[in-house]
Asker: 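Pasting in a structure now, in structure tokens, and then I'll have a few things to ask.
Note that this is a predicted model, so its numbers are computed, not measured. Heavy atoms only: backbone and side chains are in, while hydrogens, waters and symmetry mates are out.
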Amino acid sequence: MKTSFTSVPASRLTKFILIGWVTLILACISIAVYAQGAADSAIGQGKKHVFATDTALLNFPKTVERYYQAKAFRLSWVEKGHWNAKTAIAMMLLDCVRQFGLDPQDYHPNELLYSRLALLEQYPDSLSEVGRRAFDEFLTDAVITMINHLHYGKFNPFYSASEIDNGNLPHFNADFKLFMIIDAKDFYTELVKVQPAILEYVNLQKNMQLVLGQYILDSYEYPQANVRKMAINMERLRWLSSAKGNRIQVNIPSYQLKLTTGDTVNNFKVIVGNPENPTQTFESTLTRFTAAPDWKVPAEIFVAEILPNALKDISYLKKNRYSIYDNQLKHIKINRRRLKKISQNPAVYMARQSPIDENTLGSIRFRIDDQPSGTLYDHSGKNIFNTKERASSKGCLQIENPERLAKLLLVADGSEGKIKVLERALKDYQYKNFYLKNPVPIAVTYLTCEMIDSRLIIYKDIYQKDAELESKLFGEQAIRLADRRTNQRSIKKNNVKIFRR
């Protein structure tokens with residue numbers, strides 16, 4: 001039955017259309033204003049922002065330049081006669097970067113001094129215009145750097161700092177973000193929204209704020225090693241895409257797979273690669289899974305072994321679960337006459353083998369097509385999942401209770417009717433693909449800590465990756481100094497307790 005607009009009350013329809021148009025117009029105006037500002041240099045005879053600072057001292061000089069072009073080259077924070085009320089908030093944010101797992105040394109601490117800011121505000125003529133512009137540029141670069149570090153991370157393996165600075169990434173650019181929020185009523189809230197919204201990150205960030213904003217200020221003892229552990233894992237989480245809706249996360253150090261559907265999280269034990277054959281981290285989508293999977297036999301084995309044995313004994317194929325296909329993937333029903341024909345031109349045929357009973361790859365295979373090493377397998381050896389440490393495969397991921405995962409995926413996909421088909425395929429060991437109408441994002445991560453029930457749980461660093469990232473983020477000398485101070489406070493505290501006894 002066709003739907004007519006006349007079935008909707010005119011007043012409601014008019015209101016709906018007006019709201020839609022207003023929203024669209026406001027969005028277009030915001031983008032147009034930014035684009036117009038950024039184009040001013042071209043319109044104004046190729047005018048560019050003239051830096052008062054050495055751009056080599058800035059972290060993202062191209063981004064800073066684009067920002068000032070969009071602002072028609074006006075100062076943003078400390079313009080004489082037009083003081084920005086957000087300046088104090090920006091300075092406060094830079095003071096608190098440790099609560100986000102960041103390093104204050106990355107945000108121009110020697111240039112952004114409160115004493116200099118006070119001079120600019122209280123005695124506007126005490127510093128030259130060049131000095132005023134330099135302070136403004138350093139503060140803009142510091143805020144842009146913080147935005148990029150909160151969103152992309154500092155050592156993102158997919159996007160280098162120069163790529164981010166070039167501004168060609170389609171989904172997020174710090175200059176546009178700062179332009180949009182600089183005059184926001186709640187500048188702080190809008191800025192911190194650039195962080196990942198995934199629960200693992202949110203929980204770690206809240207705990208980091210609690211630890212550094214309350215525990216340590218209240219003289220609680222808290223290991224600096226744990227602070228750094230949270231920071232490096234927050235950094236890793238910033239590298240991930242912000243997947244919404246149903247999703248799968250496999251975390252290597254915890255040997256766990258989480259399927260999130262709506263507000264429900266289902267956990268599964270997994271086996272991961274051993275240290276000599278580590279499982280790779282990646283992001284992709286799960287599009288299908290296969291019941292009773294089979295495996296393509298290499299051509300040389302097909303010619304040298306399978307065909308000769310089958311010609312001797314045609315039951316050899318059935319006994320070893322081999323099926324033969326032509327180059328169009330059409331299944332060939334085998335008899336002696338066809339076998340002789342195939343042996344005359346084997347290059348246009350191939351064999352596939354279904355797993356035999358003792359095969360460790362089991363009865364279901366979850367396929368991620370763009371990740372050859374990222375397929376999730378079943379495992380017929382069920383007792384292996386009872387061990388505490390499960391880094392024992394050759395790099396592949398193997399999952400406990402794959403049938404349950406498959407059924408949950410079908411339910412989440414609105415395909416409950418296929419569950420019976422899946423059960424029959426598994427019972428009869430019948431090869432069958434199940435395609436998901438809505439591909440599910442999947443991320444394989446390496447997180448060595450997470451918050452569970454308000455407690456920081458630390459996992460074994462099975463591939464020894466933490467030390468390198470920790471050194472990059474904090475520097476080896478700073479790490480040694482922080483640990484020495486923690487140990488000294490601990491010894492002092494223990495001595496006081498002994499004395500009091």
Side-chain angles (χ1 to χ4, degrees), residues 245-250 255-272 284-297 315 317-325 329-334 351-369 371-372 374-387 390 393 396-444:
N246 300 338
R247 62 190 181 277
I248 294 172
Q249 181 193 356
V250 181
Y255 312 114
Q256 290 285 329
L257 179 149
K258 295 180 182 178
L259 171 65
T260 302
T261 54
D263 296 329
T264 303
V265 178
N266 289 279
N267 293 295
F268 297 81
K269 295 178 181 179
V270 295
I271 295 167
V272 303
S284 187
T285 52
L286 179 66
T287 57
R288 57 179 168 146
F289 58 88
T290 304
D294 57 7
W295 316 98
K296 184 179 178 181
V297 177
S315 66
L317 297 175
K318 186 175 181 180
K319 289 176 182 177
N320 292 279
R321 292 184 182 253
Y322 287 118
S323 300
I324 296 179
Y325 299 81
L329 298 181
K330 181 181 178 182
H331 180 253
I332 306 298
K333 291 184 178 181
I334 296 299
R352 301 186 75 91
Q353 184 184 35
S354 300
I356 55 180
D357 292 340
E358 61 269 22
N359 193 302
T360 60
L361 296 176
S363 58
I364 298 183
R365 180 187 185 193
F366 299 88
R367 305 169 74 97
I368 301 105
D369 292 333
Q371 296 291 332
T375 305
L376 283 166
Y377 299 106
D378 185 6
H379 196 300
S380 60
K382 304 305 178 185
N383 290 334
I384 195 170
F385 290 100
N386 294 328
T387 58
R390 297 187 292 276
S393 80
C396 66
L397 292 165
Q398 296 169 305
I399 180 173
E400 184 183 37
N401 204 347
E403 184 177 347
R404 176 170 169 258
L405 175 60
K407 289 179 178 179
L408 288 171
L409 286 170
L410 290 175
V411 171
D413 202 45
S415 302
E416 294 92 334
K418 294 182 180 179
I419 290 177
K420 293 293 184 184
V421 180
L422 171 64
E423 290 173 343
R424 285 197 301 270
L426 293 174
K427 181 181 178 181
D428 299 335
Y429 208 89
Q430 178 187 4
Y431 179 91
K432 189 169 184 61
N433 282 315
F434 293 82
Y435 293 88
L436 299 175
K437 293 179 291 186
N438 302 294
V440 178
I442 178 170
V444 177

Asker: Out of the candidates L426, I399, L376, only one should pair with I364 under the side-chain contact (heavy atoms from CB on, under 4.5 Å) rule; please name it.
Answerer: L426

Asker: First locate atom CD1 of I368, then atom CD1 of I248, and finally report the distance between them rounded to the nearest 0.5 Å.
Answerer: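 So the CD1 of I368 and the CD1 of I248 are separated by 7.5 Å.
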
Asker: If you round to the nearest 0.5 Å, how far is OH of Y435 from CZ of R367?
Answerer: 7.5 Å

Asker: Atom NZ of residue position K437 - does it have more than 12 heavy atoms of other residues, nucleotides or ligands inside 6.0 Å?
Answerer: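 Yes - once you tally the heavy atoms of other residues, nucleotides and ligands closer than 6.0 Å, there are more than 12.
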
Asker: Please name the pair of heavy atoms, one in F434 and one in A291, separated by the smallest distance, quoted to 0.1 Å.
Answerer: CE1-CB, 4.0 Å

Asker: Give a yes or no answer on whether the side chain of R247 reaches the backbone of P441 with a donor-acceptor pair at less than 3.5 Å.
Answerer: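 No.
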
Asker: Which pair of non-hydrogen atoms, one from R352 and one from Y325, has the smallest distance, and what is that distance?
Answerer: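 It is CD-CE1, 3.7 Å.
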
Asker: Can you check side-chain contact (heavy atoms from CB on, under 4.5 Å) on E423 and K407, steps first, answer last?
Answerer: CA-CA 9 Å; E423 290 173 343; K407 289 179 178 179; 2.8 Å; yes

Asker: Atom OG1 in T260, atom CG in N267: separation rounded to 0.5 Å?
Answerer: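 Reported value, rounded in 0.5 Å steps: 8.5 Å.
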
Asker: Look at the aromatic rings of F289 and F366 and report parallel, tilted or perpendicular, splitting at 30° and 60°.
Answerer: tilted

Asker: What are the two closest non-hydrogen atoms of L286 and I442, and how far apart are they?
Answerer: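 In this case the closest contact between L286 and I442 is N-CG2, 4.0 Å.
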
Asker: Once you round to the nearest 0.5 Å, how far does CD of E400 lie from CG of L405?
Answerer: 12.0 Å

Asker: Quick one: pull up CG in N266 and CG in N401 and give me the separation to the nearest 0.5 Å.
Answerer: 10.5 Å

Asker: Side-chain donor-acceptor pairs under 3.5 Å in residues 414-421, sequence neighbours left out?
Answerer:
none

Asker: Find out whether I271 and L397 are in side-chain contact, i.e. whether some heavy atom of one side chain is under 4.5 Å from a heavy atom of the other.
Answerer: no

Asker: Could you grab the distance from atom OG1 of T287 to atom CG of N433, nearest 0.5 Å is fine?
Answerer: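 T287 OG1 to N433 CG: 9.0 Å, rounded to 0.5 Å.
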
Asker: Counting distance only, does the side-chain N/O of S393 pair as donor-acceptor with the main-chain N or O of V272 below 3.5 Å?
Answerer: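 Side chain of S393 to backbone of V272, a donor-acceptor pair under 3.5 Å: yes, one is there.
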
Asker: Test of understanding: with salt bridge (charged side-chain N to carboxylate O under 4.0 Å, His left out), list the residues that count as partners of R424, not counting sequence neighbours.
Answerer: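 Applying salt bridge (charged side-chain N to carboxylate O under 4.0 Å, His left out) to R424 gives none.
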
Asker: N246 versus N438: any side-chain heavy-atom pair under 4.5 Å?
Answerer: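 With C-beta onward as the side chain, the pair stays apart.
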
Asker: Counting only heavy atoms from other residues, nucleotides and ligands, does the tally under 6.0 Å from NZ of K269 exceed 12?
Answerer: yes

